[in-house]
Amino acid sequence: MRPKNYTSYRMRFAVLLPLILFIFPNFSNAQSPSVAMQWDEVQLSCIRKDAARPTIQARNLYHAAIVMYDAWAVYDDDATTVLLGKTLGNFTCPFNGITIPENRKAAQEKAISYAMYRFLTNRYQPFSPTPSGQPQNNWITFSSGYLNTLMSNLGYDPSITSTDYSDGDPAKLGNYIGQK
């Protein structure tokens, strides 16, 4: 007999398993963690600095997994996106397709980075609650500095904000995914 929310469990499993498999092989190589792992670490640092809001943070982690998975899945022949180009409940995320570049891995990493940058910037905004005693401007300095530092370390320009991915730019596709 299936649980009441069997479809919901299958959906979560379908989203999280490929992401875990995408990240997990890089655990053994501490010298070069995957881009997804680096963004996971950034998000965990944001959570540590944010006010304790477990249900909101759980939702943020779930949405981050979808953001990264969809940014990765677009460039994979066998993967199917979760939200991109689909309707889930009352939410529709239009997608017109994208030209697949020769270097898929570089495109995946770039799309993941821009998607997560936009996602985290939106979810951990300056008006986000802070732990008691922490001045608001320290939060702003931390979150924007940490996110910008990772983008810079990865060689990406956070000032690219366009979401018009019709030219095939993975950065713009990432921005689009992060915005949605």
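Residues take their numbers from the sequence shown, with the count starting at 1.
A distance of 14.5 Å separates NZ of K172 from CD1 of I177, quoted to the nearest 0.5 Å. With rounding to the nearest 0.5 Å, the separation of NE2 in H63 from CD1 in I56 is 11.5 Å. For the atom pair CG (L173) and CG (N175), the distance works out to 9.0 Å, reported to the nearest 0.5 Å. The distance from the CZ atom of F119 to the CD atom of Q43 is 5.5 Å, given to the nearest 0.5 Å. For the atom pair CG of L147 and CG of L120, the computed distance is 5.5 Å after rounding to the nearest 0.5 Å. The structure places CG of N60 at 9.5 Å from SG of C46, a figure rounded to the nearest 0.5 Å.
Counting only distance, with no hydrogens or angles, the side chain of D70 and the backbone of V82 share a donor-acceptor pair below 3.5 Å. Of the possible donor and acceptor atoms, none in the side chain of N122 sits under 3.5 Å from a partner among the backbone N and O of G178. Judged by distance alone, with hydrogens and angles left aside, the side-chain atoms of Q179 form no donor-acceptor pair with the main-chain N or O of R118 at under 3.5 Å. With hydrogens and angles disregarded, no donor-acceptor distance shorter than 3.5 Å links the side chain of Q38 to the backbone of S113.
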query: After noting the C-alpha distance and the side-chain angles of M68 and D40, does the key distance pass the side-chain contact (heavy atoms from CB on, under 4.5 Å) rule?
result: CA-CA 10 Å; M68 285 193 283; D40 279 342; 3.0 Å; yes

Side chain to side chain donor-acceptor pair (under 3.5 Å) evaluation trace for D164 with S162: CA-CA 6 Å; D164 181 9; S162 174; 5.4 Å; no

Evaluation steps, side chain to side chain donor-acceptor pair (under 3.5 Å), between N148 and Y117: CA-CA 8 Å; N148 288 334; Y117 181 82; 2.5 Å; yes

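At least one side-chain heavy atom of D77 sits less than 4.5 Å from a side-chain heavy atom of R104. With contacts defined as side-chain heavy-atom distances shorter than 4.5 Å, the pair R59/R53 does not qualify.
For K86, the NZ atom sits in a packed shell: over 12 heavy atoms of surrounding residues, nucleotides or ligands are nearer than 6.0 Å.
Of all non-hydrogen atoms in L154 and W39, the two that sit nearest each other are CD1-NE1, 3.7 Å. Residues A107 and P101 approach most closely at CB-CG, 3.5 Å, considering heavy atoms. Taking both residues in full, the closest heavy atoms of A115 and V67 are given as CB-CG1, 3.4 Å, listed atom of the first, atom of the second, then distance. Here the closest non-hydrogen pair linking Y75 and Q108 is CB-CG, 3.6 Å.
Annotation: ring-ring contact (aromatic ring centres under 6.0 Å, His included) contacts involving residues 156-180, sequence neighbours excluded, comprise F95-Y165, Y114-Y156, Y165-Y176.
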